[in-house]
There are 2 protein chains.
Amino acid sequence: MDSTTDMIEQAEPEARNAVKGAQTLMRALDILDEVIAGPIKTVEIARKLGMSKTTAHRLAHALKSRDYLSITPDGFALGPKLLQLGAMAESQTDLVRLARPLLEVLSSETGFCSFAGQREGDWSRHLDRVNGRQRLRVATIPGDVRPIAETGLGKALLLDEGEETWRRLYVASRNGRVTESEVQRWIAHMREFKVRQVVDHDSELGDGVHSIAAPVRNAKGRIVMAISIAGATQYYQGEDAGQLAGKVARSAREISALAGYAG
Amino acid sequence: MDSTTDMIEQAEPEARNAVKGAQTLMRALDILDEVIAGPIKTVEIARKLGMSKTTAHRLAHALKSRDYLSITPDGFALGPKLLQLGAMAESQTDLVRLARPLLEVLSSETGFCSFAGQREGDWSRHLDRVNGRQRLRVATIPGDVRPIAETGLGKALLLDEGEETWRRLYVASRNGRVTESEVQRWIAHMREFKVRQVVDHDSELGDGVHSIAAPVRNAKGRIVMAISIAGATQYYQGEDAGQLAGKVARSAREISALAGYAG
DNA sequence: CTATGCGTTCCGGTATATGAAACAAGTGGT
DNA sequence: ACCACTTGTTTCATATACCGGAACGCATAG
């Protein structure tokens, strides 16, 4: 590298305004961003984005001429073209493929195996796995199906469910052989997982497997997948539990962003 | 108006290229349109749209920097931002409100009452009505629910269903009091309606009501609503049946476009 | 090694986008 | 009736944002 850059590492992660030579386009997209929040008038657009009334008018109407915006009594609103594009993007988007690179990073950073899976009724299906660097590996392979309350991945898929559902699925996973106090403890844990949006799971099968999982949300905010890292309990010795959980959660958020989640 | 315009009615309905002063934006949206068809490389974009490699590169990357496009091994694909915009547009879109103006045109052009409704299981619910100019009016009001096989609107909602479903719903609507040959005749009619994407319906209740209905599709191509015109049988005397059907079908297609349907 | 295809960067000239200003049209207040 | 105010629309001279040609980097292939 050249000597002027190694003094201060410009941390700026190459933001939106990095691209030059497309001012008009960028401004138009800024307008779209404003309209996302709800119908908005020309003057308000100009004010918020610091452009002249003229420009706001011209660009908004250009977008309208292409059906990206529509005109309502309350000003501009999102147009039908976006419905079409959204539907097409959805059909072109393969969540597992999108998640793959993130899972690889997760495994290489943590050393654990990482997984992706989705809900199928009362079951969770594993869709993808990336191996870590550890000698002992969780055996689960893509395609495997497990009772949803029995795995960390499954619990992450359940975070938006009500407590009655939690109870039902937990009891089912234990074949009904469970005391009320066990159920209460389990639900209390789920509450905490829900707040943190991360699941910490110790297998109740006594096989010494521990996993950390987090939900992935789509553009509508629905949980459509979950990812996890998993490995033998002893591998967690000496690891910073909070940091591991943070990494899983961050990866899940990144995948969510790729899936169009805005929140 | 001024005297220069009344000679030749410029039929041009103000196309996309009408808007001036947004070349960059328009070209970028052209690129999006190309990507809809599937992943595409920079050079291919430039070739198809007749722009320089440089420009295609710059605009595509500008769109990518805003997540409207993503980069795949096969070139540019639709990006996550479109998932978000699509979901938001969907939540902002009220089909009934969109359909209203079209229903009003339909009624004023034909004189008949017009209706909009959607499917609820084995029933069809009327959501909106616009009165025509006729003395005799169909009594149906918004909120009314009817067996789905019993109305023109309902049949339009069923056009994408299989023949077994048609049979089941027809038999149910007749409380089982129906011969096999009647069923066959009914299904034969439905087949024809499906081809024409227009339903011609004579009430089997013997109340002298006739209706013409057509399905409305959303961005994913699913039938999500239907519209119809209805009135006493005698009002259809002297009307061109094909022309009426055409008007209903065209209105339905226009509403579908507002709902993001591309086909 | 040359050839070919694609992505990327650079740069000068000009088509193009910009904002000020004025106009149009509606709303509400006095 | 008039004015004050708001929002949408059009016009226009100017500055600059955008364009395309050219050249470079980097593959893959013959």
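A note on names: the letters A, B, ... follow the listed sequences, proteins ahead of strands, and every chain is numbered from 1.
- Here the nucleotide nearest the side chain of A:His61, chosen from D:dT9, D:dC18, C:dT8, is D:dT9.
- Rounded to an integer number of Å, the gap from CG of B:Leu59 to C1' of C:dT9 is 16 Å.
- Between A:Lys53 atom NZ and D:dT6 atom P there is a gap of 11 Å when expressed in whole angstrom units.
- For the pair B:Ile71 CD1 and C:dG7 P, the computed distance is 9 Å after rounding to whole Å.
- Neither OP1 nor OP2 of C:dG7 sits under 4.0 Å from any side-chain N or O of B:His57.
- Distance A:Met51 CE to D:dA17 C1': 15 Å, rounded to the nearest Å.
- Atom pair B:Gln23:CD and C:dT18:P shows a separation of 12 Å (rounding to whole Å applied).
- Following rounding to the nearest Å, B:Leu49 (CG) and D:dC19 (P) show an atom-to-atom distance of 12 Å.
- B:Leu82 is listed as a side-chain neighbour of B:Leu32, based on a closest heavy-atom distance under 4.5 Å.
- Of the side-chain N and O atoms in A:Ser52, none sit less than 4.0 angstrom from OP1 or OP2 of C:dA20.
- Residue A:Thr42 places no side-chain N or O under 4.0 Å from the OP1 or OP2 atom of D:dT7.
- Nucleotide D:dT7 holds its C1' atom 8 Å from the NZ atom of A:Lys41, rounded to whole Å.
- Here the nucleotide nearest the side chain of B:Val43, chosen from C:dC6, D:dT9, C:dT16, is C:dC6.
- Between A:Arg58 and the phosphate of C:dT18, there is a side-chain N or O to OP1/OP2 separation shorter than 4.0 Å.
- With C:dA22, C:dA17, C:dG19 as the candidates, the nucleotide lying closest to the side chain of A:Thr55 is C:dG19.
- At the heavy-atom level, B:Thr54 lies under 4.0 Å from base atoms of the strands shown.
- Heavy atoms from other residues, nucleotides or ligands lying under 6.0 Å from CZ of B:Arg196 number more than 12.
- For the salt bridge (charged side-chain N to carboxylate O under 4.0 Å, His left out) test with A:Asp160, the passing option among A:Arg217, A:Arg119, A:Lys220 is A:Arg217; the others fail.
- Between B:Leu25 and A:Leu63, the closest side-chain pair of non-hydrogen atoms falls below 4.5 Å.
- Mapping A:Phe76 and A:Gly21 onto DNA chain D via the closest heavy atom, the residue that lands nearer the 5' end is A:Phe76.
- For A:His61, the ring-ring contact (aromatic ring centres under 6.0 Å, His included) partners at least two apart in sequence or on another chain are A:His57, A:Phe76.
- Of the listed nucleotides (D:dG20, C:dT8, D:dC18), D:dC18 has the atom at the smallest distance from the side chain of B:Thr24.
- Distance A:Ile40 CD1 to D:dT7 P: 12 Å, rounded to the nearest Å.
- If you check every strand for non-hydrogen atoms under 4.0 Å, A:Arg27 touches sugar and phosphate atoms only.
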